[in-house]
Number of protein chains: 2
Amino acid sequence: MKFHQLRYIHEVVRQNLNISAASEALHTSQPGVSKQIQLLEEELGLQIFQRNGKRLVGVTEPGRKIVELAARVMLDMQNIKRVGDEYSQEDSGELTIATTHTQARYRLPAAVKQFISQYPNVKLTIHQGNPAQVTEQVAAGEADIGIATENISKDERLACLPCYTWNRCLVVPPSHPLVQKTKLTLKDLAAYPLITYDFAFTGGTLVSKVFHDAGIEPNVVFTAIDADVIKTYVNLGLGIGLIANMAYDASRDAPLVSLDCSHLFPDSTTYLGVRRDAFLRDYMLQFISMLSPEHDKRTVQRLLHQDV
Amino acid sequence: MKFHQLRYIHEVVRQNLNISAASEALHTSQPGVSKQIQLLEEELGLQIFQRNGKRLVGVTEPGRKIVELAARVMLDMQNIKRVGDEYSQEDSGELTIATTHTQARYRLPAAVKQFISQYPNVKLTIHQGNPAQVTEQVAAGEADIGIATENISKDERLACLPCYTWNRCLVVPPSHPLVQKTKLTLKDLAAYPLITYDFAFTGGTLVSKVFHDAGIEPNVVFTAIDADVIKTYVNLGLGIGLIANMAYDASRDAPLVSLDCSHLFPDSTTYLGVRRDAFLRDYMLQFISMLSPEHDKRTVQRLLHQDV
DNA sequence: CCATATTACGGCATGCGTAACGATC
DNA sequence: GATCGTTACGCATGCCGTAATATGG
């Protein structure tokens, strides 16, 4: 059993059972991949892939287990390489972060700026997606760190860390009647057309629960993935916007006005997650500290169940 | 990075940093091992082993991490092979059980007999050791299943299953005055020279705690690893023996008499443990069912956190 | 007919074993 | 001086890539 063979089957599955695509992604030849897969199957004495003639049409049941184990082996190989890099080329490497739009746009920039100036030789990549995708990418080892509010902390494969809490605010045009109110109520929000995050993408489920529990039905006319889109439509006078409070910046978002809503909704907590069995480069820990300064490197390591 | 390089460093560590011994254990040449280790170190850009001239004298800090990861990779490779075997050669393979003397002698025989008749092509090996060793062997992947009363259920790396509970009995010569007593007390036990298990090897710590809590000091004249030794000395009239109740068999152990002590001590539970991330062959699950019939195969798989 | 997988084959890298050397205790 | 690790070298294995072939949609 060779290491490449595991990489091959892994990539073939990733590429929807297309050996040609896999061979390209692996920068090698089609026949090579085909051959090695056959050799592996022969060695194990079973079919990993279901074939229809010469076409791969599925993964057999034992094949699924093998692919899963292969992924773990590859992760560990990567971990070993990282240990090597950590002790030889301290400050270079890669860092891939998976996160949602809101975090990427409003919360990460400060930490990212600090990070790239301190670690200019680390190639930083940000993958954007919904919370489920973020979780999946970290779990699959495609991202080192995942940051999201929903979902991520529930996956067994990840070790998570509460990162910070936030709440919501309402953005309205300056002339809006609600600006006169001293303290907003849920009824106030329900009295106007509401624009907020797509429910699947953010803490929306929490928001909807609060309304539901109060027996109030908000008039949601429109949902969007990100606060910028929401603000645009609020500016057009299509409704009032309910967004994360960190997504409002008075100077940048003028003439829109923000009205605090934190008394209406419980705080949401944004979590940061890493794969439990991943080896974390020092700069990864540093990035986490930059993002949530209240956790220093040692604390992070402890909380994430790293060794000593 | 090649698989055998990982096997090489793993084995070298196992052999106390002796490359010659490792090469022999691996059925290959000394220079080959030496060379591959150097290549790996070169590829990773660091020293795995501390050298004093040409002598290996230790493992560097990054080396420890790498060795650990290497062990995991090898375990997963083994898992992959097992998946292969499971689906191709259903009923042959190996089963290594680590357990204590008491279990091996008095509890396993029935299950083992049933097992080898049903799976004649499975090579069954029993490693005997104290509870700490049992735990370690399973955790290191050197044994598939560990069975012990103490210790084993506390290791994070293992998934455990309560297997059965047991208590203790007193064995005495037929002429002993205690035979007349209808119900024994701790004081009765303390009144005579006591022979029992070595404290480190069994539920002895629990026994000593019971005495201590009652403010009674037993007169332990002698401790042994196993019940057979204890019974031998009881037969010689050197004292009374406190042993696991399953270690007494009226017909075999005559003329000794057993007196129930289960009202004096809380029940002890014997656990069965497997490595969390091990792939379990079907016959391993069957063995577990044979050992504790109240758990059927599905239950076992669920309890041990195997996938559906 | 095009896309895709398998077979065939030759060149090249690499791992292995034997033998010799060097170092450590 | 005995044990142990490293270096040197030749052989064999096996992987890779190109070209050719077969098969499925």
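Every chain is numbered from 1 and lettered A, B, ... according to where its sequence line falls, protein lines coming before strand lines.
When rounded to the nearest whole Å, the span between CD of A/Glu24 and P of C/dA5 equals 12 Å. Distance, B/Leu39 CG to C/dC16 C1': 12 Å, rounded to whole Å. Computed from coordinates, the A/Lys35 NZ to D/dG17 P distance equals 13 Å when rounded to whole Å. The NZ-P distance, from A/Lys54 to D/dG25, rounds to 13 Å in whole Å. A straight line from CD of A/Glu41 to P of C/dA5 spans 13 Å, rounded to a whole angstrom. One can place CD of A/Gln36 at 13 Å from C1' of D/dG17, the figure rounded to the nearest angstrom. Separating the CG atom of A/Asn16 from the C1' atom of C/dA3 is a distance of 16 Å, rounded to the nearest angstrom. In this structure, the CD atom of B/Gln47 is 15 Å from the P atom of D/dG5, given to the nearest Å.
Summarising the geometry of A/Leu6 relative to B/Met77, their closest heavy-atom pair is CD1-SD, 4.3 Å, with the distance given to 0.1 Å. Here the shortest heavy-atom pairing between B/Gln137 and B/Ala98 reads OE1-CB, 3.9 Å.
Contact check, A/Arg51 against C/dT6: a side-chain N or O comes under 4.0 Å of OP1 or OP2. Put simply, A/Ser20 has a side-chain N or O that comes within less than 4.0 Å of OP1 or OP2 on C/dA5. Not one side-chain nitrogen or oxygen of A/Arg55 sits closer than 4.0 Å to the OP1 or OP2 atom of C/dT6. One finds no side-chain N or O of B/Asn18 lying less than 4.0 angstrom from the OP1 or OP2 phosphate oxygen of D/dT3. In this structure, B/Gln38 does not reach the D/dG5 phosphate: none of its side-chain N or O atoms is under 4.0 Å from OP1 or OP2. OP1 and OP2 of D/dG5 both lie 4.0 Å or more from every side-chain N or O belonging to B/Ser34.
Looking at residues two or more places apart in sequence or on another chain, you find a ring-ring contact (aromatic ring centres under 6.0 Å, His included) between B/Phe287 and B/Phe115.
Here D/dC15 is the nucleotide among C/dA5, D/dC15, C/dG22 with the atom lying nearest to any side-chain atom of A/Lys2. In the set C/dT6, D/dG5, C/dT18, D/dG5 carries the atom at the smallest distance from any side-chain atom of B/Leu56. Distances from the side chain of B/Ile19 to the nucleotides D/dG17, D/dG5, C/dT18 place D/dG5 closest. Set against C/dC25, D/dC4, D/dC16, the side chain of A/Thr28 has D/dC16 as its closest nucleotide.
Closest-nucleotide positions on DNA chain D for B/Gln30 and A/Asn52 were compared, and the one nearer the 5' end corresponds to B/Gln30.
B/Gly53 comes within contact range of the sugar-phosphate backbone alone, with a heavy-atom separation under 4.0 Å but no base atom that close. Using a 4.0 Å heavy-atom cutoff across all strands shown, A/Leu26 reaches no nucleic acid atom at all. Counting any heavy atom pair closer than 4.0 Å across all strands shown, B/Ile37 reaches no nucleic acid atom.
The closest donor-acceptor contact from the side chain of A/Glu86 to the backbone of A/Asp282 lies under 3.5 Å. Using modelled atom types, one side-chain atom of B/Glu41 and one backbone atom of B/Phe49 make a donor-acceptor pair closer than 3.5 Å. Between the side chain of A/Ser92 and the main chain of A/Asn121, no donor-acceptor pair closer than 3.5 Å is present. Under the 3.5 Å distance criterion, the side-chain polar atoms of A/Asp296 are matched with a main-chain donor or acceptor of A/Thr299.
Under 4.0 Å is where a charged nitrogen must lie from a carboxylate oxygen, and between A/Arg157 and A/Glu136 at least one such pair does. A salt bridge links B/Asp228 with B/Arg105: at least one charged nitrogen is closer than 4.0 Å to a carboxylate oxygen. With respect to the salt-bridge test (charged N to carboxylate O, under 4.0 angstrom), the residues B/Arg64 and B/Glu61 do not qualify.
In the helix from C/dC1-D/dG25 to C/dC25-D/dG1, the rotation axis of the first five pairs and that of the last five pairs differ in direction by 40°, rounded to 10 degrees.
Contacts with DNA chain D (heavy atom under 4.0 Å) in residues 3-15 of chain A: A/His4, A/Tyr8, listed by number.
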- Task: Mind running side chain to side chain donor-acceptor pair (under 3.5 Å) on A/Glu24 and A/Ser20 for me, showing each step along the way?
- Result: CA-CA 6 Å; A/Glu24 202 156 327; A/Ser20 308; over 6 Å; no
